[in-house]
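Working notes, beginning with the structure itself.
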There are 2 protein chains.
Amino acid sequence: MEPIADKKKAIFESTLELVREKGFHGTPMSLVAKRAGVAAGTIYHYFESKQDLIIELFYYIRDQIIAVLKSEDAASVPYHKCFFRIWYGLYEYYSQNPNVLMFFEQFVNSPYNTCVNEANRSEFHKYLFGFFERGIREGHLKPLSPKILGTLAHANIISTVKMYSAGHLVLEEGELKQIPQILWDGMRAQSVACKV
Amino acid sequence: MEPIADKKKAIFESTLELVREKGFHGTPMSLVAKRAGVAAGTIYHYFESKQDLIIELFYYIRDQIIAVLKSEDAASVPYHKCFFRIWYGLYEYYSQNPNVLMFFEQFVNSPYNTCVNEANRSEFHKYLFGFFERGIREGHLKPLSPKILGTLAHANIISTVKMYSAGHLVLEEGELKQIPQILWDGMRAQSVACKV
DNA sequence: ACTAGTGTATTGAACATTCATTCGGTTTGC
DNA sequence: GCAAACCGAATGAATGTTCAATACACTAGT
């Protein structure tokens with residue numbers, strides 16, 4: 001994987017910022033160009049069209065998120081610990097990259113999402129679901145579909161970050177620790193004695 | 001609250017469909033008009049601008065969702081039961097109105113969301129958080145902020161519906177029952193004996 | 001070392017199109 | 001007969017994209 005050309009990266013970052021500020025429809029190519037410090041025509045040297053730019057950008061950040069996932073997952077670490085490490089890892093990443101989160105959320109809820117073929121979209125899911133598949137297999141988690149557990153976990157993280165960045169969340173000491181705990185308590189294999 | 005004029009409702013429904021199909025930026029007023037069976041100018045009789053239309057539409061569906069919430073919440077029903085009733089109620093509503101869900105998600109992740117003042121946005125939250133406040137007060141739920149529990153619960157419902165409507169979820173018998181159960185197990189006040 | 005040559009990167013003004021909005025006129029309901 | 005509802009072609013601004021021209025990087029030949 002060769003390093004991304006400077007200008008290409010600048011165009012990505014510029015688009016990320018603008019989409020957060022103004023949405024897809026309020027982000028003209030002329031502004032993308034200006035903020036990236038390039039000419040309008042240059043964008044079309046790297047990308048076929050606006051749609052192409054946005055889809056490529058989606059892949060670009062998808063790979064970053066996968067990297068976070070990989071860095072926090074380790075078969076040598078106890079599963080329970082990995083679970084929390086991944087939770088915090090993604091939480092940190094999204095918190096520190098709010099542009100990414102907003103773009104991501106706008107993207108997956110927009111018709112662009114259907115432009116991405118299944119294989120590419122689920123590259124991220126492959127890793128996420130794999131982790132939960134392991135948890136089920138090893139008996140740490142309730143025996144549901146890994147897809148379900150993975151999706152619910154991710155939604156949990158994302159909505160926590162959104163609360164935080166919207167300023168709705170007073171991060172009282174320990175409150176941040178209890179959120180992944182809710183998730184864990186809900187998903188972990190219940191001992192029979194606990195049935196209410 | 002007087003009943004909404006036929007044309008106005010037609011414009012709302014048309015916009016809902018189109019936003020799902022093509023996103024905000026791919027939804028021209030001319031198409032909204034055509035699909036609603038009205039002239040372009042008529043839209044401007046009911047709404048000041050496109051932005052106004054979209055924000056009004058947001059209120060329109062917000063009120064529908066509040067209605068679902070109210071219809072499933074009843075102080076006379078045991079809390080635990082209400083919890084599941086609300087979960088299924090919203091699940092059903094979003095499942096049967098996928099346009100609403102898509103619009104809602106696009107809206108809250110877009111800059112339009114910042115056009116809505118806090119009081120209006122949180123009209124829905126008022127009811128949702130109120131329900132969780134009660135659960136905490138009565139000792140059914142973990143003593144976290146109602147905002148946190150409410151937001152996590154809603155995210156849980158929404159991502160379940162999205163999984164379903166994306167076709168990723170094989171609704172094996174009982175699998176749908178386990179998802180709110182995960183939520184409940186995570187949020188309910190843990191009896192001390194259960195600590196692992 | 002110098003030149004000519006070749007392909008890539010970059011520019012930004014110009015173009016064609018799209019789209020939100022307007023407005024003068026027409027219909028409808030009372 | 002009047003006001004509100006409605007129409008839809010016209011308008012003007014905004015925007016994605018193109019393209020002819022320029023700058024740059026690199027090689028090969030002398």
Side-chain angles (χ1 to χ4, degrees), chain A residues 1-60 103 106-107 110-116, chain B residues 1-60 103 106-107 110-116:
Chain A
M1 222 195 314
E2 73 277 13
I4 295 174
D6 274 0
K7 302 239 160 150
K8 195 170 180 181
K9 189 172 178 185
I11 293 167
F12 276 155
E13 298 297 331
S14 163
T15 308
L16 266 186
E17 284 177 26
L18 284 166
V19 168
R20 169 165 73 166
E21 287 171 28
K22 297 160 181 282
F24 285 129
H25 70 298
T27 303
M29 296 296 261
S30 53
L31 248 187
V32 171
K34 185 188 274 186
R35 195 173 292 196
V38 302
T42 305
I43 299 177
Y44 289 85
H45 177 72
Y46 292 102
F47 306 98
E48 280 181 13
S49 63
K50 188 177 183 179
Q51 167 161 329
D52 184 50
L53 161 60
I54 286 172
I55 290 178
E56 289 292 324
L57 176 50
F58 172 74
Y59 292 150
Y60 172 69
F103 175 87
Q106 283 193 59
F107 186 91
S110 79
Y112 284 121
N113 196 28
T114 62
C115 302
V116 180
Chain B
M1 220 196 318
E2 72 276 18
I4 294 174
D6 275 1
K7 303 239 162 152
K8 195 170 179 182
K9 188 171 179 186
I11 293 167
F12 276 154
E13 297 299 330
S14 162
T15 308
L16 266 185
E17 284 177 26
L18 284 165
V19 168
R20 169 162 76 161
E21 287 171 27
K22 298 161 179 280
F24 286 127
H25 69 299
T27 303
M29 296 297 261
S30 53
L31 249 187
V32 171
K34 185 186 276 184
R35 195 172 294 195
V38 302
T42 304
I43 299 177
Y44 289 86
H45 177 71
Y46 292 103
F47 306 99
E48 281 182 12
S49 63
K50 186 177 185 179
Q51 168 161 328
D52 183 50
L53 161 62
I54 286 173
I55 290 178
E56 289 293 324
L57 177 49
F58 173 74
Y59 293 150
Y60 172 69
F103 176 87
Q106 281 191 61
F107 186 90
S110 79
Y112 283 121
N113 196 29
T114 62
C115 302
V116 180

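Letters A, B, ... are given to chains in the order of the sequence lines, protein chains preceding strands, and every chain is numbered from 1. Just so you know, these numbers come straight off a predicted model, no measurement behind them.
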Exercise. Map every base of DNA chain D to its dot-bracket character, where paired means a Watson-Crick or G-U wobble contact with both distances under 3.5 Å and | marks a partner outside the strand.
Key: ||||||||||||||||||||||||||||||
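- Here A:Leu18 contributes atom CG and A:Glu13 contributes atom CD; the two are 11.5 Å apart, rounded to the nearest 0.5 Å.
- In this structure, OG in A:Ser14 is found 13.0 Å from NZ in A:Lys7, a value given to the nearest 0.5 Å.
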Practice problem: Dump the intermediate steps for side-chain contact (heavy atoms from CB on, under 4.5 Å) on B:Val19 and B:Phe107, then the final yes or no. | Solution: CA-CA 10 Å; B:Val19 168; B:Phe107 186 90; over 6 Å; no
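- Residue pairs meeting the ring-ring contact (aromatic ring centres under 6.0 Å, His included) criterion with at least one partner in residues 34-53 of chain A, sequence neighbours excluded, are A:Phe12-A:Phe47.
- Along DNA chain D, read 5' to 3', the first and last nucleotides having any atom under 4.0 Å from a heavy atom of chain B are D:dA5 to D:dG8.
- Near DNA chain C, meaning a heavy atom under 4.0 Å away, there are no residues from residues 47-58 of chain A.
- At least one donor-acceptor pair under 3.5 Å links the side chain of B:Thr15 to the backbone N or O of B:Ile11.
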Contacts under 3.5 angstrom, residues 50-58 of chain A side chains, donor-acceptor by atom type, not counting sequence neighbours:
from: A:Lys50; atom 1: NZ; to: A:Phe24; atom 2: O; distance (Å): 3.3
from: A:Lys50; atom 1: NZ; to: A:Thr27; atom 2: O; distance (Å): 2.8
from: A:Asp52; atom 1: OD2; to: A:Glu48; atom 2: N; distance (Å): 3.0

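- With B:Gln106 contributing its side chain and B:Arg20 its backbone, the two residues share no donor-acceptor pair below 3.5 Å.
- Shortest non-hydrogen contact noted between A:Ala10 and A:Ala36 is O-CB, 3.6 Å.
- Every residue two or more places apart in sequence or in another chain that forms a side chain to side chain contact (heavy atoms under 4.5 Å, CB included) with A:Ala33 is listed here: A:Val38, A:Ala40, A:Ile43.
- Screening residues 29-46 of chain B for salt bridge (Lys or Arg N to Asp or Glu O under 4.0 Å), with sequence neighbours left out, gives B:Glu17-B:Arg35, B:Glu21-B:Arg35.
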Self-check item: Nucleotide-resolved protein contact map, nucleotides 25-30 of chain C, B/S/- at heavy-atom distance under 4.0 Å
Solution: ------
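- Between the A:Ser110 side chain and the B:Gly23 main chain, no donor and acceptor come within less than 3.5 Å of each other.
- Of all the residues in residues 28-36 of chain B, B:Pro28, B:Met29 reach under 4.0 Å from DNA chain C with at least one non-hydrogen atom.
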Exercise. Would you give a per-nucleotide map of nucleotides 8-17 of chain C, 5' to 3', where B means the base has a protein non-hydrogen atom under 4.0 Å away, S means only the sugar-phosphate does, and - means neither?
Key: -SBBB-----
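- Residues satisfying the side-chain hydrogen bond (donor to acceptor under 3.5 Å, both in side chains) criterion with B:Asp6, sequence neighbours excluded, are absent altogether.
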